[in-house]
Amino acid sequence: MQKIKKKPITNNLRKESLNPYSCAACNNENCLIKRNLKSFSNSKFTENKNTLKCKKGQQFIIEGAPVNGLFFILKGTVKVFRTGINGREQIVRFAKEGEIIGHRGFGTEEYYSIGAIALQDVVLCYFSKDNLQEALIENPKFTYDMMLFYANELNRSESKVKSISQMTVRERIIDTLLYIHRKFGDLNGFLNLPLSRKEYADYAGTTEEQVIRIFSILKKEGLILSKGKKIGIIDIQTLRNEINEHNYYLDS
């Protein structure tokens, strides 16, 4: 990972005009730090962050490594995964701008329970554990927002485990397609997150062969189209109806 050096500030220019990676210049309005920026005006919390660049395919969190802080995605897309039975990779989620990576280990465990890899070139804001803990103690609103974030994450995780356990392989693959569409949208008629068949399988909890088979069936039914790694959804409503009983809007 490349650490981005902070640029000096002059009296004639605003800090954000010199440093595009400053929190003040950030456009990710859903980011917890950005939402609480005014609360940090009297502290050096945001100034003490590190900004890191990762190339596509680079792993920046190693499963089992000590937890030293949290990563906030400024730009790019990330794959979050954990190792399952027999060393098989299980993708937990895909994360984009404004989202937090590594929060499950923060404050409760000494080691990361997940790994994270950049799916494209990404820029990450890194806040150390010590700085975060100090900010949480000093800032009640930030602490409250963080508590709500964890509560929502826990609720979503528990509900998803229940729904996934009741889905067929076909339904899990459809759920994956709709999740990607919901979160990343379309680009020129295809999902705006090209994934390999293995990555679809690792998220849906099935095999690459099953993904290929189900995709072939969905294409014959006129529900999706494909071009190389790219997948497009033709009839999104029919796919939604097929898994509607499993809470379609569960995971955004």
Side-chain angles (χ1 to χ4, degrees), residues 1 3-4 6-7 9 13-54 60-61 67-80 92-109 112 114 116 118-160 179-180 182-185 192-193 249-252:
M1 285 182 293
K3 184 174 179 180
I4 300 170
K6 298 179 181 178
K7 297 181 180 180
I9 303 169
L13 296 172
R14 294 181 304 168
K15 179 181 178 182
E16 57 266 32
S17 66
L18 281 169
N19 182 8
Y21 304 115
S22 71
C23 291
C26 180
N27 294 319
N28 297 322
E29 298 298 332
N30 291 327
C31 174
L32 280 177
I33 304 298
K34 177 68 174 182
R35 291 210 315 254
N36 287 276
L37 198 55
K38 291 182 180 179
S39 303
F40 302 128
S41 59
N42 295 324
S43 72
K44 294 185 177 181
F45 172 62
T46 58
E47 296 178 16
N48 289 332
K49 77 171 184 180
N50 289 314
T51 310
L52 311 169
K53 283 185 176 180
C54 288
F60 61 92
I61 293 182
V67 176
N68 294 315
L70 298 184
F71 295 88
F72 292 73
I73 304 176
L74 180 62
K75 294 180 181 179
T77 307
V78 170
K79 174 175 70 175
V80 182
V92 177
R93 65 187 175 108
F94 298 98
K96 60 180 182 178
E97 289 91 346
E99 296 191 31
I100 305 174
I101 306 293
H103 55 277
R104 290 181 183 270
F106 176 72
T108 58
E109 300 177 14
Y112 288 112
I114 53 89
L119 287 177
Q120 53 188 217
D121 291 354
V122 300
V123 180
L124 302 162
C125 297
Y126 177 77
F127 293 86
S128 72
K129 182 164 62 174
D130 290 342
N131 284 339
L132 276 166
Q133 289 174 338
E134 184 177 336
L136 288 168
I137 291 171
E138 295 178 350
N139 194 320
K141 184 181 181 303
F142 178 48
T143 303
Y144 180 71
D145 281 354
M146 187 68 84
M147 181 189 72
L148 291 180
F149 165 75
Y150 273 101
N152 288 332
E153 282 288 299
L154 179 60
N155 180 60
R156 187 156 39 221
S157 178
E158 291 179 343
S159 298
K160 184 175 181 179
Y179 162 64
I180 299 300
R182 221 160 43 245
K183 189 157 191 173
F184 298 96
N192 194 19
L193 182 66
Y249 292 103
L250 175 68
D251 192 2
S252 58

message = For E99, is there an ion pair with K96 - N to carboxylate O distance below 4.0 angstrom?
response = no
request  = Rounded to the nearest 0.5 Å, what's the gap from CG on L148 to CG on L32? Could you check?
outcome  = 9.5 Å
Rounded distance [0.5 Å steps], SG in C31 versus CD1 in I73 = 10.0 Å
query = Quick one: does L74's side chain get under 4.5 Å of C26's, heavy atoms only?
reply = yes
request  = Indicate the atoms forming the closest heavy-atom contact of G69 with Y126, along with that distance.
outcome  = N-OH, 3.2 Å
query = For the side chain of Y112 and the backbone of G102, is there at least one donor-acceptor N/O pair under 3.5 Å apart?
reply = no
message = Do I101 and R93 make a side-chain contact, defined as non-hydrogen atoms from C-beta onward lying under 4.5 Å apart?
response = yes
inquiry  = So L124 and C54, do their side chains get closer than 4.5 Å, heavy atoms only?
reply    = yes
inquiry  = Within the supplied structure, the quantity of interest is the number of heavy atoms (other residues, nucleotides, ligands) at a distance under 6.0 Å from K75 NZ; does it exceed 12?
reply    = no
query = Just wondering, more than 12 heavy atoms not from Y144 lying within 6.0 Å of its OH?
reply = no
message = Could you tell me if N36 and N139 have a donor-acceptor pair between their side chains, going purely by distance under 3.5 Å?
response = no
ask   = Roughly how far, to the nearest 0.5 Å, is the OH atom of Y150 from the CE atom of M147?
value = 13.0 Å
query = Roughly how far, to the nearest 0.5 Å, is OG1 of T46 from CD1 of I33?
reply = 8.5 Å
ask   = Is there a side-chain contact between K34 and N28 (heavy atoms, below 4.5 Å)?
value = no
query = Taking L52 as the fixed residue, which of Y21, F60, F71 is the one that meets the side chain to side chain contact (heavy atoms under 4.5 Å, CB included) rule?
reply = F71
key: Heavy-atom closest contact (V67 atom, K129 atom, distance)   = O-NZ, 3.2 Å
query = Do you know which two heavy atoms are closest between L119 and L193, and how far apart they sit?
reply = CD1-CD1, 4.0 Å
inquiry  = I need the K49 NZ to L70 CG distance, nearest 0.5 Å.
reply    = 13.5 Å
task = Please name the pair of heavy atoms, one in F127 and one in C23, separated by the smallest distance, quoted to 0.1 Å.
result = CZ-SG, 4.3 Å
request  = Enter the distance from L132:CG to T143:OG1 here, rounded to the nearest 0.5 Å.
outcome  = 10.5 Å
query = Closest approach of E153 and H103, non-hydrogen atoms and distance?
reply = OE1-NE2, 3.2 Å
message = Checking E134 against F45 for the side chain to side chain contact (heavy atoms under 4.5 Å, CB included) test, could you report, in this order, the C-alpha distance in whole Å, the side-chain angles of both residues, the deciding distance, and whether it holds?
response = CA-CA 9 Å; E134 184 177 336; F45 172 62; over 6 Å; no
request  = Check the pair F142, S39 against side chain to side chain contact (heavy atoms under 4.5 Å, CB included), reporting the backbone distance first and the verdict last.
outcome  = CA-CA 8 Å; F142 178 48; S39 303; 5.8 Å; no
message = Is it the case that atom CG in N152 sees more than 12 heavy atoms from other parts of the structure closer than 6.0 Å?
response = yes
